Engineer: 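Right, I'll just put the structure down here and ask away after.
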Amino acid sequence: MPIEDFIDALEEADDKKYIKNLKNLVSDGVKEVIKKRPQADVVSYRQIKETLEARLNPVPNADYERWPAEGIDFPWLRMSLTSSLILLLISAVGEASIHPGCALHSETLEGVSRDGDIIIGGSFVVHSSFRFLQPSFQDVPERISCEGFQIRYYRDVLGMMFAIEEINRTPNMLPNMTLGFRVYDSCMSEARALMGTLRLLSGVESTVPGYDCWPHQSLAGIVGELVSALSLPMARMLGILHVPQISHGATLSALSDKLQFPSFLRTVPSNKFQNIALPQLIRSFQWFWVGMVVVDNDVGEQGGQAIRQGIETNGGCVMFVAKIHLSYTKNKVLQVVEVIKQHSIEVIVIHSPEVHVTALMNALYEHHVTGKVFVASASFGITPGLFTRQAWELLNGTVGLIPNTGQMPGFWDFLSHLHPSTSLGETFIKLFWEKAFICKWVQSQGNFTAPGDFSPDARPCSGKETLEKVARDLFELNDLSYTQHAYLAVHVYATALNELILCKPGNGPFVNGTCANSSDIQPWQVLHYVKSVNFTTNTGENVSFDENGDLSAAYSIINVQVKNNTFGFINVGSFDNMAPEGQKVVVNAGAIVWNTRDSQVPRAICTEHCQPGYRKAPREGQPVCCYDCLPCSLGEIANESDAAECQRCPDDQWPNERRDMCVPRVIEFLSYEEPLGLVLAITATFLTLLTTAILCTFLWYRETPIVRANNRGLSFLLLLALMLCFLCSMVFIGQPTSLSCMVRQTLFGVVFSVSISSVLAKTILVVMAFKATSHHSPWRRWLGPNTANGVVCLCSVLQVIICTVWILKSPPFPEMNTEANEGRIIFQCNEGHSFFFYCMMGYMALLALVSFIVAFLARTLPASFNETKLITFSMLVFLSVWLSFIPAYTSTRGKYMVAVEVFTIQSSSAGLLGCIFFPKCFIILLKPKLNSREHLKEKATMAIK
């Protein structure tokens, strides 16, 4: 049928039917036109355009009033359909029949498909790599060819097919409708992923951007891709066209940005949570010194930076970040090997799809770089078929994250019944058969068989091989990660479509409560329902998306264990982002097999851990993980290992010897219970009693010449003052109180002033007595007791005034001193303003000095009538003691400072007592004959001569 006749036939049809079925008629009609046209005919773009524009005019008697009501502009529709028909004709006619300037170029994409009322598209990695020669532009560039068919990746496609079969068998899902699919193999190539996406959008083998040419069918959405690098360009394109995309493996957190990727969703967690889980997993093994290998693309760069930041936030360091890619030459791979060899790193984090790392693993083994422990991110989906046995020796002991994976009941039965003669997708199933049974189909063209996969003399495939015994091992059913997520993605679409079909007009989600037209479903309508799905699978797994199109974050932690040339994935823990802080990562360390010489957890540190009581001091010019351990300063502790800073103890506490905890401080003061305080108290009591005994002796012998000769009234006063001096020293002992603090220094100052004043008065009276030897001497009037009393009172009153002002202006008070002594609180008396204390001490020193000078000048007077020599010696002792007191007092703290002052008070008072009164007591008690008036006169006469 010529093209003109075909167009005439379309034009003669009823306008409503013409508008409604134009796409279907065009598709079928064009195929008929191309099939029957003469081979010599050459149809140009201009010829087609002119013919259509001349003939596609408004049909007479058409009900135009109908179109505005449905929101359709007929002239625009006519123009759009004209353009669509032109493009469809061009696509159907082919390159050979079109004018060269208007040809649509395309490449063959292998895939698998099944018809249905609604189509779910798929873009999957089936081959692990591709071959692409850099074009020289001196010849036609070669097409991208796929290499390395992987059963593990093919299993994801089978998971999607199994889900669609399961849904089509379910009576209450999509009644009176069937799901179909069309899946393309991206071969880990961004270009092929985009080409497959364009074909899914166009519905024809030649990509026609912006046009939906699906005949009799609707594209609901697309499942894929496995890796983020392939999903990213797809998501940008599909987001513009509002076509839903559900990835079963892409984890890049940037894909959660709904401004850039409004139609992207996924059935695996975002690596936003992986970037939390992986550093915490590394920290749980106390690894702080690691290396990183990331894929050399934007996804690897962004993810690697996030993981590195997480490791460093948890206190670790990344010594190096090496990049790898499957397109790297051998020399570039060896450069990465050298980087790893140069650093003594025991733990290496891998953030890359496994296909990019296979060459690196082989190179590491060849260069004897073994004994490393690898930590795999969720993007490193471990596929055994990709690695050699030597590489598995390196990967043994690897720990890593995989998204939580549920069960797929009936999947094993589905796989065991696969067969090239009955299964869809002849290309894929035959490649699978060849790899599974190590054979070669006689009629196979081998378009996808990777070089070296089979020997040239491989036995032919018979088709009689059975999968029942080998399916479980071939498809690695012990780990359904990513396959089960593709399975979930199909169920998400099915649930959304079921809700769309069951919508009741008036209660719909669209404008004015309208529902979608089930015979003309638009992807953007499906996207609305997909975002709000919330259902439970037949295994009890709840599926719902958050506002970013992500599922809840949960990972399993696996350990790769290779035994007897067989590998296994052992679940050794989990990560749950909803768990309380500190409990998100749970690891059963006893179930892990390590790839180390001693089978122990490897050590990954630059510096040994700092024990409690020490802090980390970073080394200049080195990473923060390399540091020195310094003990905490005085008053500080570190109660945990690897403390960055020490903590200061509260004022009432002090570090223990290990400086890992604060203990209550000992409150220190000079108490009666301790030996030092007890000795001083006993000494004060003894001296007091001794002074009392001397006083009693003097009272008993008060009429004897030796007592009367030296002013017995002053002697009695001096003895009473010395007794009070000994007693006041005991006020310094014991727990300080407000009263004791206020009294002890002032009482001591006044009593000592009375004592020294009495000594000074005695000295002055002796001097005056020898000056007044004549009856007419004016000195005789000053020899009475009034003079002595006046001197004592005057000297004492001045000290009383100083002490009174001190108490009124700045009285002493008790305080807890936490700074003067390590580990102790000194309970002491704060003397208030130090000026008054030094005034008091200075005044006593002045009195003592004056007494010493006067006594020293009077030392030559007759010894039988005076005691100036004894006073001179006593003042010398007094001054010596107090001069020694000054450095001793200022160099001590706490109770020892108080003890020094008490000792000084007692020793200086004892010096006065001993030097002045002991000789007299000796005469009174032991030499009574010398205590007579005649003896004193005799000595006086001899002294005068």
Side-chain angles (χ1 to χ4, degrees), residues 111-124 156-184 196-197 200-201 203 212 214 217-226 231 234-235 238-239 241-250 261-268 406 408 482-503 509 515-538 541-545 549-551:
V112 57
S113 64
R114 172 188 286 174
D115 288 335
D117 298 310
I118 303 175
I119 298 297
I120 298 177
S123 180
F124 286 79
D156 295 346
V157 178
L158 296 174
M160 177 178 177
M161 295 167 58
F162 169 68
I164 289 177
E165 283 194 10
E166 187 178 64
I167 292 165
N168 287 336
R169 292 196 306 266
T170 305
N172 58 346
M173 291 292 290
L174 303 177
N176 302 321
M177 300 189 76
T178 59
L179 281 180
F181 59 84
R182 182 178 296 181
V183 176
Y184 291 107
T197 303
L200 290 172
L201 293 174
D212 180 359
W214 284 94
Q217 298 162 325
S218 297
L219 177 68
I222 295 175
V223 176
E225 259 287 352
L226 176 65
S231 298
M234 290 175 56
L238 296 174
L241 301 175
H242 308 295
V243 177
Q245 174 192 3
I246 303 179
S247 171
H248 60 292
F261 311 102
S263 64
F264 179 85
L265 303 96
R266 49 188 157 198
T267 53
V268 292
M408 297 171 62
Y482 303 111
T483 300
Q484 194 256 352
H485 298 95
Y487 169 87
L488 282 182
V490 175
H491 275 274
V492 168
Y493 279 124
T495 303
L497 290 168
N498 197 57
E499 293 292 329
L500 182 150
I501 293 170
L502 297 177
C503 176
C515 298
N517 184 359
S518 58
S519 61
D520 187 21
I521 297 174
Q522 299 299 314
W524 63 268
Q525 296 170 331
V526 178
L527 180 59
H528 171 81
Y529 284 95
V530 165
K531 288 186 174 183
S532 57
V533 296
N534 190 342
F535 66 95
T536 302
T537 65
N538 53 5
E541 184 178 358
N542 180 261
V543 179
S544 63
F545 298 103
D550 300 328
L551 292 182

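The structure presented is a predicted model; accordingly, all values stated were derived computationally and were not measured. Index from 1, following the sequence.
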Engineer: Look up atom CE in Met234 and atom CG in Leu200, then write down how far apart they are to the nearest 0.5 Å.
Structural biologist: 7.5 Å
Engineer: For the OG atom of Ser113 and the CE atom of Met161, what is their distance to the nearest 0.5 Å?
Structural biologist: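 It comes to 10.0 Å.
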Engineer: Check Asn172 against Thr170 and note the closest heavy-atom contact, atom names and distance.
Structural biologist: OD1-CG2, 2.8 Å
Engineer: Do you know which two heavy atoms are closest between Pro262 and Gly239, and how far apart they sit?
Structural biologist: CG-O, 3.6 Å
Engineer: Are the side chains of Thr267 and Val543 in contact, using a 4.5 Å heavy-atom criterion?
Structural biologist: no
Engineer: What closest approach, in Å, do Thr483 and Gly159 show between heavy atoms, and which atom pair accounts for it?
Structural biologist: CG2-CA, 4.0 Å
Engineer: Could you walk me through whether Val490 and Phe181 pass the side-chain contact (heavy atoms from CB on, under 4.5 Å) check?
Structural biologist: CA-CA 10 Å; Val490 175; Phe181 59 84; over 6 Å; no
Engineer: Listed by chain and number, what are the side-chain contact (heavy atoms from CB on, under 4.5 Å) partners of Asn538, not counting sequence neighbours?
Structural biologist: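 Asn538: side-chain contact (heavy atoms from CB on, under 4.5 Å) contacts with Glu166, Pro409, Tyr487.
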Engineer: Once side-chain contact (heavy atoms from CB on, under 4.5 Å) is applied, do any residues pair with Asp520, and if so which ones, sequence neighbours excluded?
Structural biologist: Asn517, Gln522
Engineer: Between Val492 and Phe535, is a side-chain contact (heavy atoms from CB on, under 4.5 Å) present by the stated rule, with each step listed?
Structural biologist: CA-CA 8 Å; Val492 168; Phe535 66 95; 3.9 Å; yes
Engineer: How about Met160 and Ile120: do any of their side-chain heavy atoms sit closer than 4.5 Å?
Structural biologist: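 Yes, close enough: below the 4.5 Å cut-off.
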Engineer: Output every pair passing salt bridge (Lys or Arg N to Asp or Glu O under 4.0 Å) with a member in residues 168-179, not counting sequence neighbours, ordered by first then second residue.
Structural biologist: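 As it turns out, the salt bridge (Lys or Arg N to Asp or Glu O under 4.0 Å) pairs with a partner in residues 168-179, which skip direct neighbours, are Glu165-Arg169.
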Engineer: Decide yes or no for Phe124 and His248: does some side-chain heavy atom of the first lie under 4.5 Å from some side-chain heavy atom of the second?
Structural biologist: yes
Engineer: Kindly give the heavy-atom pair with the smallest separation between Ala220 and Ile118, and that separation in Å.
Structural biologist: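 Taking every non-hydrogen atom into account, CB-CG2, 3.6 Å.
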Engineer: Restricting to non-hydrogen atoms, name the atom on Gln525 and the atom on Ala516 that form the minimum distance, rounded to 0.1 Å.
Structural biologist: OE1-CB, 3.3 Å
Engineer: Return the set of residues passing side-chain contact (heavy atoms from CB on, under 4.5 Å) with Asn542 (not counting sequence neighbours), or none when no residue passes.
Structural biologist: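 Residues passing side-chain contact (heavy atoms from CB on, under 4.5 Å) with Asn542: Asn534, Thr536, Ser544.
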Engineer: Using 0.5 Å steps for rounding, measure from the CE atom of Met173 to the CG atom of Leu179.
Structural biologist: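 Met173 atom CE to Leu179 atom CG measures 8.0 Å (nearest 0.5 Å).
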Engineer: Is the shortest heavy-atom distance from the side chain of Tyr184 to the side chain of Thr197 under 4.5 Å?
Structural biologist: no
Engineer: Give the table of side-chain donor-acceptor pairs shorter than 3.5 Å for residues 493-500, with sequence neighbours excluded, one pair per line with atom names and distance.
Structural biologist:
from   : atom 1 : to     : atom 2 : distance (Å)
Tyr493 : OH     : Ile222 : N      : 3.0
Tyr493 : OH     : Ile222 : O      : 2.8
Tyr493 : OH     : Pro244 : O      : 3.0
Thr495 : OG1    : His491 : O      : 2.8
Asn498 : OD1    : Leu174 : N      : 2.9

Engineer: If you round to the nearest 0.5 Å, how far is CG of Leu488 from OH of Tyr482?
Structural biologist: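 Atom-to-atom, Tyr482:OH and Leu488:CG are 13.5 Å apart.
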Engineer: Under the rule for side-chain contact (heavy atoms from CB on, under 4.5 Å), what residues qualify as partners of Ser263, not counting sequence neighbours?
Structural biologist: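 Testing Ser263 for side-chain contact (heavy atoms from CB on, under 4.5 Å), a comparison that skips the adjacent residues, returns Leu238, Leu527.
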Engineer: Rounded to the nearest 0.5 Å, how far does CG of Leu551 lie from CZ of Arg266?
Structural biologist: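 Going from CZ on Arg266 over to CG on Leu551, the span is 9.5 Å.
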Engineer: Within the distance-only criterion (no hydrogens, no angle test), does the side chain of Ser247 pair as donor or acceptor with the backbone N or O of Gly249 below 3.5 angstrom?
Structural biologist: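 Side chain of Ser247 to backbone of Gly249, a donor-acceptor pair under 3.5 Å: yes, one is there.
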Engineer: Taking Glu225's backbone N and O only, do any of them form a donor-acceptor pair with Ser231's side chain (distance below 3.5 Å, no angle check)?
Structural biologist: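 Yes; judged by distance alone, with no hydrogens or angles, the pair exists.
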Engineer: Would you compute the distance between atom CG of Asp117 and atom CE of Met177 and round it to the nearest 0.5 angstrom?
Structural biologist: 5.0 Å
